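Just so it is clear, the model here is predicted, and its values are computed rather than measured. The first residue in the sequence is number 1, and the count goes up from there.
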Amino acid sequence: MSTEDRPPAPRSLAEALRARGDASLGALLRSRPDLITPVPTDLTQLATRAGTRASVVRALERLDRFALQTAEALAVAADPAAYGELLGLMAGDDADPAVVAALPHALDLLREQALVWGDDDRLRLVRTARELLAPSPQHPSPTGLGPTVQEATAGMSPGRIQEIVTAAGLASTHDSVSAVTALAGLFTDRARMAALLADALADSLDVLERLVWGPPYGQVTADPAPRLRWLLDRGLLLPTAPGTVVLPREVALHLRRGLAHRAPEPVPPVVETAAVHRPQVVDSAAAGQAYTALATVEELLKDWDEGGPAVLRAGGLSVRDLKRTAVALDVPEPVAAFWVELAYAAGLIASDGEADERYAATPAYDEWLELPAAERWSRLVTAWLAATRTAGLVGGRDAKDRTLSALGPGLDRSAAPEVRHRVLALLAGLPEGAAPAAGSVLARLRWERPLRGDRREDDLRGRLAEWALSEAEQLGVTGRGALSAQGRALLGAPAAPAPGPEAEPSGPGDKLPVHHHHRPITLTALSPAEQAVASAAAARLLAPLLPEPLDHVLLQADLTAVAPGPLQRPLADMLGVLADVESKGGATVYRFTPGSVRRALDAGQAASDLHAFLAAHSRTPVPQPLAYLIDDVARRHGHLRVGAASAYVRCDDDAVLSEILADKRAAGLGLRRLAPTVLAAQADPAGLLEGLRAMGFAPAAESAEGDVLITRALAHRTPPRTAPEPVPDGPPVPDDTLLAAALRAIRAGDLASTTPRKPGAAPAANGELPRTGAAETLATMQAAVLTGEALWIGYVNAEGAASQRVIAPIRVEGGFVTAYDHTADEVRTYPLHRITGVAELADDAG
């Protein structure tokens with residue numbers, strides 16, 4: 001294209017945006033959704049919003065390391081800068097081939113993010129970004145560079161500048177501006193600078209070496225040493241304040257061989273493989289972990305079935321209750337916090353909202369229990385992927401130095417879902433069965449989202465990634481550190497990549513590129529509907545790997561029962577009442593005790609029911625000791641009766657009552673004999689029942705009519721509760737429908753604000769609405785109906801929102817104008833009294 005045919009260079013970011021196509025603008029709005037919240041009225045407002053400090057900071061924080069290094073280099077380059085200057089700052093005098101290859105992509109990314117605009121010969125960094133990244137004494141640049149010669153000599157006397165120029169071997173000039181220009185020209189001339197430094201003292205060169213990579217500032221005394229004096233005389237060090245000197249940017253770049261950064265990083269770190277396992281081994285190990293995860297969540301909820309721990313006044317679990325839960329689950333406290341938070345995120349537990357507020361299972365838990373095991377697992381991992389609550393923070397401190405408790409406030413971290421998904425996506429990019437080195441995963445994430453400034457001390461993304469790897473293993477998304485087949489399906493990922501050449505860096509936005517020495521894959525963020533399909537696919541892959549529930553146990557002569565695998569739910573529930581769990585593992589061991597048998601009898605079971613149950617579900621004959629135990633407890637069950645007097649005990653065998661009265665352990669019950677077969681007590685009926693059971697008896701409660709009361713453990717449930725909503729990290733990414741509508745509105749508003757008007761007609765300065773009287777507005781409208789011309793109008797809707805529009809009037813009647821609205825691309829009707837003014841468009845308006 002010839003120079004004459006080339007479109008004019010944009011003079012502002014707004015003009016650069018105006019030259020973009022809808023696809024390019026859509027990519028910008030997807031990657032920076034805060035720009036359309038709310039939708040801007042036109043492209044000028046969009047450009048203004050893109051340059052605000054908050055939006056620029058958010059955009060910079062989402063750049064990868066090389067793109068950020070490119071922006072930092074532009075911040076120390078001329079404004080505007082040519083592409084060649086930028087390339088020199090990034091690739092250096094040696095023109096690093098990797099940097100040369102990667103720089104166009106990084107620059108395209110900065111342009112797409114509206115952080116850089118202009119052609120290659122006039123690249124401009126958005127002013128706010130330059131202010132954030134350019135070096136200053138208060139905010140050193142990540143490049144380690146200091147001010148330019150011009151900036152450092154701004155307050156220097158003309159005489160001193162001429163002295164420096166002369167000492168540097170340059171001819172004196174008549175003014176300071178030309179002198180500074182000559183000095184800067186010397187420092188940027190490689191050959192002349194090499195000759196100047198060849199005469200330097202060795203100690204002077206050592207001083208420059210210490211400052212060259214930053215920080216560029218140093219301290220000097222009032223009488224500098226000769227090595228410093230030589231540098232100061234020639235302007236290689238320039239004073240910035242009494243006792244402080246700085247290495248000028250041009251000098252540092254010469255010593256660095258043109259590099260703005262000591263170590264440009266154009267290529268992301270490779271995710272290294274720590275171990276490789278057979279895929280079948282990985283899937284089996286992951287399935288085992290998935291089964292354990294389900295069992296752990298069920299055990300947690302069973303432990304809280306009759307009402308869980310109390311809710312702290314500030315919200316959450318107390319440290320004591322978390323410890324008690326960890327003991328019950330036989331896991332460390334941080335792991336217990338993870339399971340509690342996972343159940344909460346899945347909507348299985350919540351607070352009951354009572355006056356004495358406690359945590360309990362929700363009605364959704366009962367529905368969850370009825371699902372097949374694989375579907376229960378997919379519900380858990382889907383909730384985990386989307387949750388912003390972060391269990392790893394439990395036990396830490398918040399900004400006000402308060403302890404963060406499980407289920408309490410302050411645990412939401414909006415970056416958590418993105419980091420989890422990104423970690424799993426990196427694992428999906430490895431060959432099947434390959435487990436990554438955790439350090440290389442963290443290094444990759446730090447390249448993709450580098451830390452800036454003081455945030456290096458708080459590497460939240462790094463900690464989130466470490467927790468994600470650990471939690472994925474506990475949930476069975478990974479097995480032996482490698483992504484399982486069901487984990488891959490959960491992400492909507494294709495089959496594992498085949499070996500191939502290393503990929504170049506991929507684009508930004510919601511795409512999740514995977515770089516490895518194998519063929520990369522690209523994962524997109526799934527919509528809720530797509531995630532539901534992916535979760536169902538993962539459940540189908542997991543289902544065959546989970547053990548089938550058994551309908552039998554093996555009864556032993558030592559009053560134990562062995563369950564060689566998971567039990568069907570009715571069997572497991574009944575056995576949990578009739579016996580106590582003694583040990584868990586591949587096989588669960590239950591032990592029968594007088595207390596456990598009495599518990600089953602209290603729940604309404606008769607001895608004959610228990611015998612029939614055991615005979616039906618045991619692969620071995622019912623041992624005689626177990627049959628005797630059931631009969632013995634049943635024979636004594638209900639032999640004593642407790643009612644309300646305060647309380648009383650009655651028994652047909654007066655010898656049993658005499659035995660109770662003679663027992664020292666009964667002293668606290670306040671018993672006295674009322675009749676040969678009745679004892680009265682000062683304790684209440686519940687306390688009396690508990691006391692007698694502690695003494696080894698098996699009393700039964702009775703009603704006022706004398707009937708035996710069967711006590712059953714009632715499951716405590718909260719009212720219907722919804723799972724906690726994730727806390728988003730800024731505005732959500734717009735979907736296609738919203739994006740299309742926003743683009744149409746922005747283009748329409750821009751058309752209205754930039755369409756040329758006829759000279760002298762309805763002037764409107766600084767974006768104000770046109771103003772005309774009612775009669776002039778009506779007359780102009782009627783004339784436009786006859787001529788078919790388009791008009792520019794100002795309009796205020798019923799809510800008071802003002803806008804500019806370009807319309808072609810079709811009909812004017814009854815106080816309304818019907819017109820084709822170019823801004824909305826449809827025919828609309830407007831009340832004339834809401835039109836603030838009208839102007840004719842110039843004849844050449846496009």
Tell me the closest heavy-atom pair linking [X] and [Y], and the distance in Å.
X	Y	answer
Trp339	Ala293	CH2-CB, 3.4 Å
Thr37	Pro731	OG1-CB, 3.6 Å
Ala252	Val212	O-CG2, 3.8 Å
Gly316	Ser405	CA-OG, 3.8 Å
Leu541	Ala489	CD1-CB, 3.7 Å
Ala406	Leu411	CA-CD1, 4.4 Å

Starting at [atom1] of [X], measure out to [atom2] of [Y] and round the result to the nearest 0.5 Å.
X	Y	atom1	atom2	value
Leu259	Leu253	CG	CG	8.5 Å
Asp64	Trp447	CG	CH2	3.5 Å
Leu247	Leu255	CG	CG	6.5 Å
Leu464	Glu471	CG	CD	9.0 Å
Trp377	Leu490	CH2	CG	5.5 Å
Leu348	Trp368	CG	CH2	6.0 Å

Beyond-backbone contact of [X] with [Y], side-chain heavy atoms, under 4.5 angstrom:
X	Y	answer
Arg422	Val419	no
Ile349	Leu407	yes
Val727	Arg413	no
Pro33	Pro734	yes
Val297	Leu300	no
Ser440	Val270	no
Leu63	Leu110	yes
Ser535	Val381	no

With [X] via salt bridge (charged side-chain N to carboxylate O under 4.0 Å, His left out) - residues at least two apart:
X	value
Glu298	Arg376, Arg569
Arg32	none
Arg402	Asp398
Arg58	Asp729

| field | Ionic contact status for Glu375 with Arg540, cut-off 4.0 Å | value |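 Glu375 and Arg540: not salt-bridged.
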
| message | Please determine whether a side-chain nitrogen of the Lys or Arg among Glu61 and Arg449 lies less than 4.0 Å from a carboxylate oxygen of the Asp or Glu. | response | no

For a quick test of your reading: what N or O donor-acceptor pairs under 3.5 Å do the side chains of residues 123-131 make, sequence neighbours left out?
{"residue": "Arg124", "atom": "NH1", "partner": "Asp79", "partner atom": "OD1", "Å": "3.4"}
{"residue": "Thr128", "atom": "OG1", "partner": "Gly51", "partner atom": "O", "Å": "2.4"}
{"residue": "Arg130", "atom": "NH1", "partner": "Ala75", "partner atom": "O", "Å": "3.1"}
{"residue": "Arg130", "atom": "NH1", "partner": "Ala77", "partner atom": "O", "Å": "3.4"}
{"residue": "Arg130", "atom": "NH2", "partner": "Leu74", "partner atom": "O", "Å": "2.9"}

| Full working for side-chain contact (heavy atoms from CB on, under 4.5 Å) between Gln486 and Val477 | CA-CA 7 Å; Gln486 54 267 27; Val477 177; over 6 Å; no

| request: Go through the side-chain N and O atoms of Gln474 and Ser470 and say whether any donor and acceptor fall under 3.5 Å apart. | output: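 Result is yes, a qualifying pair exists.
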
| query | Run the side-chain contact (heavy atoms from CB on, under 4.5 Å) check on Met90 and Phe66 step by step: do they pass? | reply | CA-CA 10 Å; Met90 293 301 296; Phe66 188 64; 3.4 Å; yes

So does [Y] get a backbone contact from the side chain of [X], meaning a donor-acceptor N/O pair under 3.5 Å?
X	Y	value
Thr390	Leu393	no
Arg379	Ala346	no
Arg446	Gly462	no
Arg65	Glu265	no
Arg249	Val76	yes

| Which residue pairs satisfy the side-chain hydrogen bond (donor to acceptor under 3.5 Å, both in side chains) criterion with at least one member in residues 82-94, sequence neighbours excluded? | Asp93-Arg190, Asp94-Arg257

| query | Please walk me through it: do Ser31 and Gln113 pass side chain to side chain donor-acceptor pair (under 3.5 Å)? | reply | CA-CA 7 Å; Ser31 59; Gln113 298 279 308; 2.9 Å; yes

| field | Pairwise salt bridge (charged side-chain N to carboxylate O under 4.0 Å, His left out) hits with a residue in residues 97-110, at least two apart | value | Asp108-Arg111

| For residues 328-337, which residue pairs qualify under salt bridge (charged side-chain N to carboxylate O under 4.0 Å, His left out), counting only residues two or more places apart or in two chains? | none

| task | Go through the steps to decide whether Arg397 and Thr403 satisfy the test side chain to side chain donor-acceptor pair (under 3.5 Å), and finish with yes or no. | result | CA-CA 5 Å; Arg397 296 276 178 175; Thr403 301; 3.3 Å; yes

| request: Evaluate the side-chain contact (heavy atoms from CB on, under 4.5 Å) criterion for residues Thr296 and Val335: first the C-alpha distance (whole Å), next the side-chain angles of each, then the deciding distance (0.1 Å), finally the verdict. | output: CA-CA 11 Å; Thr296 303; Val335 178; over 6 Å; no

| Could you walk me through whether Leu483 and Leu424 pass the side-chain contact (heavy atoms from CB on, under 4.5 Å) check? | CA-CA 7 Å; Leu483 190 65; Leu424 296 182; 4.2 Å; yes

Which residues satisfy the side chain to side chain donor-acceptor pair (under 3.5 Å) test with [X], sequence neighbours excluded?
X	value
Glu341	Arg389
Thr478	Glu473
Asp736	Arg30
Thr143	Ser141

| message | Here's a test for you: under side-chain contact (heavy atoms from CB on, under 4.5 Å), which of Val340, Leu317, Leu322 qualifies with Val394? | response | Leu322

| request: Test Asp283 against Ser484 for side chain to side chain donor-acceptor pair (under 3.5 Å), laying out the working first. | output: CA-CA 5 Å; Asp283 294 347; Ser484 63; 4.8 Å; no

